[in-house]
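Read through the structure below, which is laid out as structure tokens, and then see the notes.
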Amino acid sequence: MSLPRGKFITLEGTEGVGKTTNLTFIQEWLEQKNVPLIVTREPGGTPLAEELREMLLRKRDEPVDASAELLMVFAARAQHLNQVIRPALERGEWVLCDRFTDATYAYQGAGRGLSLEMIETLENLVQEELRPDLTIVLDIDVETGLARASDRAALDRFESEAVEFFHRVRGGYRTRVAQQPDRYRVIDAGQNLKAVQSDVAAVLEQLGL
Ligand code: T5A
């Protein structure tokens with residue numbers, strides 16, 4: 001007898017928005033409900049994909065071509081999806097993932113200006129029909145997010161982009177939400193952490209567990 005597929009939940013937002021902080025909150029909330037769960041991230045999630053992540057995030061003197069960046073993102077995703085995400089869902093486990101393909105539309109599409117059709121072609125090729133069941137978008141004004149990220153650690157290659165880049169990325173997320181409102185829940189991440197987590201919990205309550 002095959003198990004019902006687990007649910008695939010992703011968390012998205014611009015830099016320093018509090019994804020990692022809230023991922024732990026969501027994990028604990030779901031585990032309290034005895035949901036079998038794996039927690040993972042993109043780019044990354046397998047040894048090979050984590051190597052690609054390191055290559056993508058490291059600052060370097062050589063300019064990185066935007067389409068090379070896009071292909072590295074999808075190379076990491078193909079590995080992660082086939083080695084980790086699909087097998088977990090097929091075992092009936094839930095997958096909670098820090099970023100997924102919405103980040104590609106936002107960063108490589110809106111941010112870098114690559115064609116959305118090209119991204120969609122790669123999405124269909126790598127993922128076939130698989131899309132997240134629920135995507136929580138943490139939304140914050142760009143400057144506050146960057147200030148939080150820079151307080152925490154040295155800036156990586158993406159975080160070192162000009163502020164206009166992140167305005168485009170935030171706009172990219174908003175466009176995605178407007179196009180498919182059923183899949184997304186947007187939370188104001190500029191609130192204090194307690195208020196953000198209360199809003200996250202309200203979204204999770206809607207899962208009816
Ligand atoms: N990328 C990724 C692409 O370009 N294309 C893709 O397809 C994919 C998948 C790495 C980069 O990869 C790019 C985008 C990214 O630049 P990442 O590591 O997930 O992806 O990205 P980051 O945004 O850099 O993740 P961070 O871990 O740096 O930030 P988080 O997780 O959003 O923020 P977090 O939780 O670490 O919080 C930051 C600080 O704010 C505080 C926290 O304590 C922490 O100090 N904080 C709050 N402070 C006040 N009030 C609140 N409500 C707070 N919430 C958190």
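Whatever order the structure lists them in is the order used to number ligands and atoms, beginning at 1.
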Side chain or backbone of Gln191 under 4.0 Å from ligand 1, or both, or neither, by non-hydrogen atoms? backbone

Residue and atom name of the nearest protein heavy atom (relative to atom 31 (O) of ligand 1), distance in Å to one decimal: Thr20 OG1, 2.6 Å

Look only at interatomic distance and state if Thr104 has a nitrogen or oxygen under 3.5 Å from any nitrogen or oxygen of ligand 1. yes

Just to verify, what does Asp65 make a side-chain contact (heavy atoms from CB on, under 4.5 Å) with, not counting sequence neighbours? Ser67, Ala68

Are the side chains of Leu122 and Thr104 in touch, meaning some heavy atoms are under 4.5 Å apart? no

Between Glu123 and Tyr105, is the side-chain hydrogen bond (donor to acceptor under 3.5 Å, both in side chains) condition met? List the steps. CA-CA 10 Å; Glu123 179 183 35; Tyr105 282 97; 2.6 Å; yes

Residue list, side-chain contact (heavy atoms from CB on, under 4.5 Å) with Ala75, at least two apart or on another chain: Leu52

Considering non-hydrogen atoms of the protein only, which is the closest contact for atom 1 (N) of ligand 1, and what is the distance? Pro43 CD, 4.3 Å

Taking N or O atoms only and a 3.5 Å limit, does Tyr107 qualify as a polar contact for ligand 1? no

Under a 3.5 Å distance rule, please check whether Arg170 uses its side chain to pair with a backbone N or O of Gly13 as donor and acceptor. no

Should one rank Lys19, Arg77, Arg53, Lys194 by closest heavy-atom distance to atom 18 (O) of ligand 1, which comes out on top? Arg53

Cationic N near anionic O, under 4.0 Å, Arg60 to Glu62: no

Counting heavy atoms only, which part of Arg99 comes closer than 4.0 Å to ligand 1: side chain, backbone, both or neither? side chain

Side chain or backbone of Leu138 under 4.0 Å from ligand 1, or both, or neither, by non-hydrogen atoms? neither

Per-residue contact class, Ala103 against ligand 1 - non-hydrogen pairs under 4.0 Å: both

Among protein heavy atoms, which lies nearest atom 26 (P) of ligand 1, and at what distance? Arg152 NH1, 3.2 Å

Could you identify the single nearest non-hydrogen protein atom to atom 5 (N) of ligand 1 and state the distance to 0.1 Å? Gln108 OE1, 2.8 Å

In the protein, which heavy atom is nearest to atom 15 (C) of ligand 1, and how far is it? Glu15 OE2, 3.5 Å

When you measure from atom 43 (O) of ligand 1 to each heavy atom in Ile119, Asp98, Thr21, Val17, which option holds the nearest one? Thr21

Relative to ligand 1, is Glu69 under 4.0 angstrom through side chain, backbone, both or neither, heavy atoms considered? neither

Please work out, at 4.0 Å between heavy atoms, whether the side chain, the backbone, both, or neither of Val73 comes within that distance of ligand 1. side chain

Atom 50 (N) of ligand 1: of Glu42, Arg157, Arg148, the nearest heavy atom sits on Arg148

Val137 side chain near Arg185 side chain, heavy-atom distance below 4.5 Å: no

Pick one: which of Leu23, Thr10, Thr135, Leu81 meets side chain to side chain contact (heavy atoms under 4.5 Å, CB included) with Cys97? Thr10

Enumerate the atoms of ligand 1 whose separation from the nearest heavy atom of Glu159 is less than 4.0 angstrom. 24 (O), 28 (O)

Which protein non-hydrogen atom lies closest to atom 38 (C) of ligand 1, naming both residue and atom, and how far is it? Gly16 O, 4.0 Å

Within the structure provided, determine whether Asp188 and Asp139 are in side-chain contact (heavy-atom separation under 4.5 Å). no

Report yes if some heavy atom in the side chain of Phe100 is under 4.5 Å from a heavy atom in the side chain of Arg41; otherwise report no. no

Could you say whether the N/O atoms of Gly18 and ligand 1 ever approach to under 3.5 Å? yes

Would you name the heavy atoms of Arg112 and Phe165 that are closest together and state the gap between them? NH1-CE1, 3.4 Å

Residues Leu138, Glu12; criterion side chain to side chain contact (heavy atoms under 4.5 Å, CB included); working and verdict: CA-CA 6 Å; Leu138 298 174; Glu12 296 278 358; over 6 Å; no

Quick check on contacts: which atoms of ligand 1 are under 4.0 angstrom from a heavy atom of Asn192? 52 (N)

